[in-house]
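Here is the structure we will look at.
Computed from a prediction, not measured in an experiment: that's the story for all the values here. Reckoned from all heavy atoms, side chains included, excluding hydrogens, waters and symmetry mates.
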Amino acid sequence: MNVKATEKTGKSVRMRTAAVGAVCAAMLAGGAGVAIAAPSTAPAVHVATVAAAAPMATASITAHASHSSVKAGSTVVISGKTTDIKTGSKLTVRHLNSSGKWTPLHARATVEKGGVYRVHVKLSHAGAQQLRVAHGKTLSPIVHVMVT
């Protein structure tokens, strides 16, 4: 084998490897359409443009209370509709406690056909209650109920 040919091939492989590495690093850094300037001695490198993946569907939950004011110990029905959450999925009702943290209540709902749900929530503590329905990181808007 010719030593000159081996050196030339090795240099060519190193240049291609460096170019591919640079393209990969640029794509990981946030660009899919990236241009790279190569030295004039390097062979031409063709980079395929990768189409960005379609954005993921955004799940959402609506929530409405059956009453805006109830007596302590009474039940409120929270109902609403979900989008992009599978039928049969479990939803949790959370309330804002006195220390400012959202904590789950013992009220759970199941997403029915058509994305609808209903859940009965017994409210025992007097005062303004802030409730919301959750499925993982997907949260409904806050529902306000005054408990007297």
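Remark: H120 pairs with T75, V77 by the side-chain contact (heavy atoms from CB on, under 4.5 Å) rule, at least two apart or across chains. Residues passing the side chain to side chain donor-acceptor pair (under 3.5 Å) test with K122, sequence neighbours excluded: none. Applying the side chain to side chain donor-acceptor pair (under 3.5 Å) test to T148 and every residue at least two apart in sequence or in another chain returns nothing.
A distance of 15.0 Å separates OG in S124 from NZ in K71, rounded to the nearest 0.5 Å. Here the CD1 atom belonging to I85 is positioned 7.0 Å from the OG atom belonging to S60, to the nearest 0.5 angstrom.
A continuous path of ILVMFWY side-chain contacts below 4.5 Å connects V147 to L131, so both sit in one hydrophobic cluster.
The stretch residues 91-100 participates, sequence neighbours left out, in these side chain to side chain donor-acceptor pair (under 3.5 Å) pairs: H95-T103, N97-S99.
Of the options V133, V145, V93, V143, a side-chain contact (heavy atoms from CB on, under 4.5 Å) to V121 is made by V93 and by none of the others.
Across all their heavy atoms, T82 and Y117 have their closest contact at CG2-CD2, 4.1 Å. Nearest approach of R132 to P141, heavy atoms of both residues: CB-O, 4.0 Å.
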Contacts under 3.5 angstrom, residues 104-116 side chains, donor-acceptor by atom type, not counting sequence neighbours:
unit_1	atom_1	unit_2	atom_2	d
R108	NH1	L105	O	3.1
T110	OG1	K90	NZ	3.1

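For H67, the NE2 atom counts as loosely surrounded, since its 6.0 Å shell holds 12 or fewer non-hydrogen atoms of other residues, nucleotides or ligands.
The closest side-chain heavy-atom distance from I61 to L139 is not below 4.5 Å. Put simply, the side chain of Q129 does not reach to within 4.5 Å of the side chain of M146, judged on heavy atoms.
Here L96 sits in one hydrophobic cluster together with W102, I142; the rule is ILVMFWY side chains under 4.5 Å apart, joined directly or through other members.
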Before giving the answer on side-chain contact (heavy atoms from CB on, under 4.5 Å), spell out for L123 and V76 the whole-Å C-alpha distance, their side-chain angles and the decisive distance to 0.1 Å.
CA-CA 7 Å; L123 300 173; V76 172; 3.8 Å; yes

